[in-house]
A.B. asks: 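Have a look at this one before I ask anything.
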Amino acid sequence: MPGFRIRRASIRDLPALVHHRHAMLAEMAPATPRQLATMDRAYARFVRQEMKGRRMFCFLVETGEGEVAAGGAIWLRETPPRVNFRGGRIPYLMSLYTEPAYRGRGLATLIVKETMKWSRDRGYPWMLLHATAAGRGLYEKLGWEPTPEMRYRFTTAGR
Ligand SMILES: CC(C)(COP(=O)(O)OP(=O)(O)OC[C@H]1O[C@@H](n2cnc3c(N)ncnc32)[C@H](O)[C@@H]1OP(=O)(O)O)[C@@H](O)C(=O)NCCC(=O)NCCS
C-alpha cells in the first residue's frame with residue numbers, strides 16, 4: 001500500500017494495541033466508558049502475558065509520518081485434536097481495526113494477508129476469527145469461509 005508500511009508490534013506498542021481492541025468493541029456494540037476501561041486494563045494484561053509467552057503476534061500499519069493507522073493480532077489458541085490434527089495451537093485473528101480516516105484503502109486487507117502469510121509460513125493448517133458485519137466482506141474476498149459455531153448465553157458478559 002503506497003505511503004504505508006506494515007510492521008510487527010512490540011510490547012512498546014501496547015497503548016495502540018489496547019486502543020484497537022477498545023475502538024473495535026466500542027463500534028461493535030454499545031458499552032459504557034467504565035465497561036471499556038475495565039476491558040482495557042484486562043486486555044493490556046492479557047496482551048503482555050501472551051506476547052511474553054510468544055502466543056500473541058501483533059501487526060501495525062503506519063503512515064509515512066509514523067502515525068498508526070490500523071492494527072491486528074494473531075493469538076495462538078489451544079485447540080483439541082481433530083481428524084488429521086493432533087491438537088495444538090491454531091492462529092486466531094483478532095482486534096482488527098482501521099482508524100476511520102484511513103478506511104477503504106486496503107489497510108485491513110494488508111494486515112489480514114500478512115497474518116495469513118505468517119500462519120502459512122509456520123505450517124499452521126488453518127486460521128480462525130469471529131467476523132463483524134464490517135469485516136465479513138473483506139475476509140470472504142480473501143477466501144475465508146463461515147464456520148458453524150453457535151453460542152448459548154448465561155449472562156450478558158462478552159457482548
Ligand atoms: C472492518 C475494517 C477493519 C475494514 O478496514 P479497512 O482498512 O477499511 O478495510 P479495507 O480497506 O482493507 O477493505 C477491504 C474490504 O472490506 C470491506 N469493507 C471495508 N469497510 C467496510 C465497511 N465499513 N462496511 C462493509 N464492508 C467494508 C469492503 O468489502 C472492502 O472491499 P473493497 O476494497 O472492494 O471496498 C474497518 O472498517 C474497522 O476497523 N471496523 C471496525 C472494527 C471491525 O469491525 N473490525 C473487524 C473485526 S472482525
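Computed from a predicted model, the values in this text were never measured in an experiment. Every number for a ligand or one of its atoms is a count from 1 in the order of the listing.
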A.B. asks: Give the ring-plane orientation class for Tyr124 versus Trp118, where under 30° counts as parallel, over 60° as perpendicular and anything between as tilted.
C.D. replies: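 Ring orientation of Tyr124 relative to Trp118: parallel.
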
A.B. asks: Supply the atom-to-atom distance Met127 CE to Ile74 CD1, rounded to the nearest 0.5 angstrom.
C.D. replies: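 Reported value, rounded in 0.5 Å steps: 5.0 Å.
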
A.B. asks: Judged on heavy-atom distance to atom 28 (C) of ligand 1, which of Glu140, His130, Arg103, Lys141 sits nearest?
C.D. replies: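 Result: the heavy atom closest to atom 28 (C) of ligand 1 is in Lys141.
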
A.B. asks: State the atoms of ligand 1, each with its element, that fall below the 4.0 Å cut-off from a heavy-atom position in Met24.
C.D. replies: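 Ligand 1 atoms under the 4.0 Å threshold to Met24: 42 (C), 43 (C), 45 (N), 47 (C).
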
A.B. asks: Is there any N or O on Met28 that sits under 3.5 Å from an N or O of ligand 1?
C.D. replies: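 Looking only at distances, the answer is no, because the N/O contact criterion of under 3.5 Å is not met.
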
A.B. asks: Passes side-chain contact (heavy atoms from CB on, under 4.5 Å), Arg136 versus Trp144? Steps please.
C.D. replies: CA-CA 9 Å; Arg136 194 171 297 274; Trp144 290 66; over 6 Å; no

A.B. asks: Nearest to atom 2 (C) of ligand 1, what protein heavy atom do you find, and at what distance?
C.D. replies: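 Sorting protein heavy atoms by distance from atom 2 (C) of ligand 1 puts Ala108 CB, 4.3 Å first.
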
A.B. asks: Measuring from atom 47 (C) of ligand 1, which candidate in Thr132, Leu25, Leu138 has the nearest non-hydrogen atom?
C.D. replies: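 Minimum heavy-atom distance to atom 47 (C) of ligand 1 goes to Thr132.
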
A.B. asks: With Ser10, which of Arg8, Arg7, Arg12 fulfils side-chain contact (heavy atoms from CB on, under 4.5 Å)?
C.D. replies: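 The passing option is Arg12.
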
A.B. asks: For ligand 1, is there an N or O atom under 3.5 Å from any N or O atom of Gly104?
C.D. replies: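 Between Gly104 and ligand 1, an N or O pair is found under 3.5 Å apart.
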
A.B. asks: To check you understand the geometry: which heavy-atom pair defines the closest contact between Ala26 and Leu36, and what is its length?
C.D. replies: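 Closest approach of Ala26 to Leu36, heavy atoms only: CB-CD1, 4.0 Å.
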
A.B. asks: Could you list which atoms of ligand 1 come closer than 4.0 Å to a heavy atom of Glu27?
C.D. replies: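 It comes down to these atoms of ligand 1: 40 (N), 41 (C).
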
A.B. asks: What atoms in ligand 1 come closer than 4.0 Å to a heavy atom of Arg105?
C.D. replies: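 With Arg105 as reference, the close atoms of ligand 1 come out as 11 (O).
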
A.B. asks: Atom 10 (P) of ligand 1: which of Ala133, Ala134, Gly106 has the nearest heavy atom?
C.D. replies: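 It is Gly106 whose heavy atom sits nearest to atom 10 (P) of ligand 1.
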
A.B. asks: Checking side chain to side chain donor-acceptor pair (under 3.5 Å) against Asp40, which of Gln35, His22, Arg45 comes through?
C.D. replies: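 Exactly one candidate clears the test, His22.
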
A.B. asks: Tell me the closest heavy-atom pair linking Leu96 and Tyr139, and the distance in Å.
C.D. replies: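 It is CD2-OH, 3.2 Å.
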
A.B. asks: With distance as the sole criterion, is a donor-acceptor pair present between the side chains of Glu99 and His19 under 3.5 Å?
C.D. replies: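 Side-chain D/A pair, Glu99 to His19: present.
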
A.B. asks: Can you check which of Leu93, Leu96, Thr98 brings a heavy atom nearest to atom 5 (O) of ligand 1?
C.D. replies: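 Result: the heavy atom closest to atom 5 (O) of ligand 1 is in Thr98.
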
A.B. asks: In terms of residue, atom name and distance, what is the protein heavy atom nearest to atom 14 (C) of ligand 1?
C.D. replies: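 The closest one turns out to be Thr109 OG1, 3.3 Å.
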
A.B. asks: Consider every N or O of Tyr139 and every N or O of ligand 1, then say whether any pair is closer than 3.5 Å.
C.D. replies: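 Among all N and O atoms of Tyr139, none is under 3.5 Å from an N or O of ligand 1.
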
